[in-house]
Amino acid sequence: MSLINTSVKPFTANAFHNGKFIPLSQDDLKVKWSVVILLPAAFPFNSPTAVEDAHQHYAEFQNVGPR
């Protein structure tokens, strides 16, 4: 299911960024393109294939221009 070009409803969450957890809300996503990977709390973190795949393409994500 694609959610491209849809509105994000108000939310707050914790995100892991640069080695630490930070608070995140919908306002943080308004400035630029965002890639959000949602994993349930019960996800076995010993096989995070979605996170690993995003990491492998991180340089490509950084090269994407403004919206």
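Only a predicted model underlies this, so the values are computations on that prediction, with no experimental measurement involved.
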Nearest 0.5 Å, what's the CD-NE2 distance between Q62 and H57? 13.5 Å
Exercise answer: donor-acceptor pairs, residues 17-26 side-chain atoms, under 3.5 Å, sequence neighbours excluded:
| residue | atom | partner | partner atom | Å |
| --- | --- | --- | --- | --- |
| S25 | OG | D27 | N | 3.3 |
| Q26 | OE1 | F11 | N | 2.8 |

Filter on salt bridge (Lys or Arg N to Asp or Glu O under 4.0 Å), then keep only pairs touching residues 6-16, sequence neighbours left out; what's left? none
Which ILVMFWY residues are connected to Y58, directly or by a chain of links, through side-chain heavy atoms under 4.5 Å apart? none
Can you tell me how far the CZ atom of F61 sits from the CD atom of Q56, to the nearest 0.5 Å? 10.5 Å
